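Proteins get letters first, then strands, A, B, ... in listed order; numbering begins at 1 in each. Predicted model, so just to flag it, every value in this text is computed and none were measured.
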Amino acid sequence: MTDQFETDNVTDLQARLGAEALIVDVDGFEGPLDLLLTLSRTQKVDLRRISVLQLAQQYLAFVEQAKKLRLELAADYLVMAAWLAFLKSRLLLPPDPEDEGPSGEELAAHLAFQLERLQAMRDAAARLMARDQKGRDFFPRGLPEDVSRIRRVRYTATLLDLMQAYARLRTRDEFRPFTMDRDAVMTMEQALERMRRLIGYAGEWATLESYLPEGWESDPLRRRSATAASFAAALELAKLGQIEIRQGEIFAPIEIRRKAGPDG
Amino acid sequence: MAESKVQKPQEESLFEAPPMGEQERMVEAILFASADPVSLRELEDRMPHGSDPAEALQQLKKRYEGRGVRLVRVGDAWAMRTAPDLGFLMQKETVETRKLSRAAIETLAIIAYHQPCTRAEIEEIRGVSVSRGTIDQLLEMEWIRFGRRRMTPGRPVTYVVTQEFLDHFGLENARDLPGLKELRAAGLLDSRPLSGQIPGLPEGDDEEAGEGDVPAGQSELFNE
Amino acid sequence: MAESKVQKPQEESLFEAPPMGEQERMVEAILFASADPVSLRELEDRMPHGSDPAEALQQLKKRYEGRGVRLVRVGDAWAMRTAPDLGFLMQKETVETRKLSRAAIETLAIIAYHQPCTRAEIEEIRGVSVSRGTIDQLLEMEWIRFGRRRMTPGRPVTYVVTQEFLDHFGLENARDLPGLKELRAAGLLDSRPLSGQIPGLPEGDDEEAGEGDVPAGQSELFNE
């Protein structure tokens, strides 16, 4: 490697000093590409005519030097070193016809492109920052006037809205039964309570229907609800052993009576 | 941009002051960029030695005469201001269309169907008190107006709907509004059951507080 | 100098638009009143119906040529700005911009020249991972914003520069970036993928790690 350096017009001393300077500064680099760009400057040529081979050698020398100084390089620097070593071998050896993928020259060209592009972006960034800047070189109005936003709200309603609103209001009374609709519903608890009270008097078989409260037998809605609730209540009482239930045949009236118990 | 510096005849000066045209530019830039009016003294301090900001100000003032911006004196300082006749440009009007609140539409409906109609009657039908805001809004929209006073004790004012109202709703006459029977026939009465609605409960805020501020439980009724 | 209302032959118009001289005053007032650029669209909205702000702007621009204040174009908007050669007078108004890191400046330049540009592309060009802090800082300064997602696997977000960026750097247009043409001609703005060949991105965080300490990794690119 050292002899390579000598052939490359860079004296040993210069190279070492250069490498050491770089190493001291390694934290200042923004990754391997940045370092490569800096190294490429020593070639003092247009980036487009840069010798990638030479650059690879410079980089490898740098890594070598760092190792000698027991300097820990971040992994990406080492990855780049490995890749450049690979590239170097590609560039030096005759191309393997079996091998697919980009040739050494293509890889080198791309690396050169990357360096040139990075440099171009840095130059562009510098030119951008050198422009006249607002708040430094030119200034906006110091006393802006607020644009008062006048928000005008326009309310609208459709005829349908109007009629529905009215209809709602005028039929509120008609709807009221909805809240009282529960009057057409007898809960099992209600039936249970009622039945418990009545069963005490009924030692004889009596149809379930006869247990329906007054006023619940005629209105079909109420009757249905009361019947269902009473039936459920009867089942509950039977389960508790307080009554007996019987039904002569399918769809025959259901009859209940108090179960004769020890209590009497 | 092409820099065509205004070259005014150089005034006699002991110092190497910039030409007056240049001084005028300077005053212009300083006044433009400054957040506060700038005093003559401060202009002097900021401009190159030997400048005559007072003269520059006079020239600048003349230059801006009749323009959209003027040079004005504020106490002993100077500032740039937009011309007062253009103040209307500093407003931006946005029109937002919003649906009328439930309170307002119900009130409006009652007035339309029962006009002339007193506030007490509206409240009786709605079962809640009617806020002044609701009535005011409808008055302001010119959908209702005052009718004759009712010849009952207290001589309460009545409300009637306006021509504007009829125009908006495409009606020739308030009497053209469909009656309850027709509404029912049209299926308009098949509203949902009034769950949770307790008749006569004062609603607290009858006000159309924003769009959706109707207390939950009631709002749901009205968002069909 | 003063009061030379430009009387253009009144254009044929269905509307009673104000004379052009008056329109120029209006544009002048609106732009003077605003610290931010005002779009042509907004000028149109604020000026009387039938006005032609584009024409008024051209005349106004001419009027302010060489003055202490200039009319500048920023994207599709317009603003009044002091002439850059007078910046030295404005120490008082100078706003200390936050010192941008080298990473941030380069990232900004890459976005400006390559926009719309993904984070992965920025990293490819710089050869290091971009810390979240860098992007965040630029977003916060409103110099960049999100562009459309790229229609590639992962649908990465892209970044583009903003009107504020143009305004800050006195650019009419992102196409006016210095050296853009040359860079394009040199092929330096093409994306030339030979990816996977050259070592990808390092794992280490870049110099801004202090700010965000984001573990670099491709996955992170896609979770905004």
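At distances below 3.5 Å, at least one donor-acceptor pair connects side-chain atoms of C:Thr158 with backbone N or O atoms of C:Arg148.
Of the atoms belonging to C:Leu31, not a single heavy atom falls under 4.5 Å from chain B.
Contacts between residues 76-89 of chain B and chain C, counted as heavy-atom pairs separated by less than 4.5 Å, involve B:Met80, B:Thr82, B:Ala83, B:Asp85, B:Leu86, B:Phe88, B:Leu89.
Counted within 6.0 Å of CD on C:Glu44, heavy atoms from surrounding residues, nucleotides or ligands total more than 12; the atom is thus considered enclosed.
Under the 6.0 Å distance and 45° angle rule, C:Arg67 counts as a cation-pi partner of C:Tyr64.
Residues passing the side-chain hydrogen bond (donor to acceptor under 3.5 Å, both in side chains) test with B:Glu140: none are found, sequence neighbours excluded.
Salt bridge annotation for C:Lys62-C:Glu65: absent, with no cationic side-chain nitrogen under 4.0 angstrom from a carboxylate oxygen.
Put simply, the side chain of C:Val161 does not reach to within 4.5 Å of the side chain of C:Trp143, judged on heavy atoms.
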Exercise. Kindly determine whether B:Arg25 and B:Glu22 satisfy salt bridge (Lys or Arg N to Asp or Glu O under 4.0 Å), including the steps that lead there.
Key: CA-CA 5 Å; B:Arg25 286 182 77 226; B:Glu22 200 57 18; 2.8 Å; yes
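Ranked by heavy-atom pairs shorter than 4.5 Å toward chain C, the options B:Glu42, B:Lys61, B:Arg70 are led by B:Glu42.
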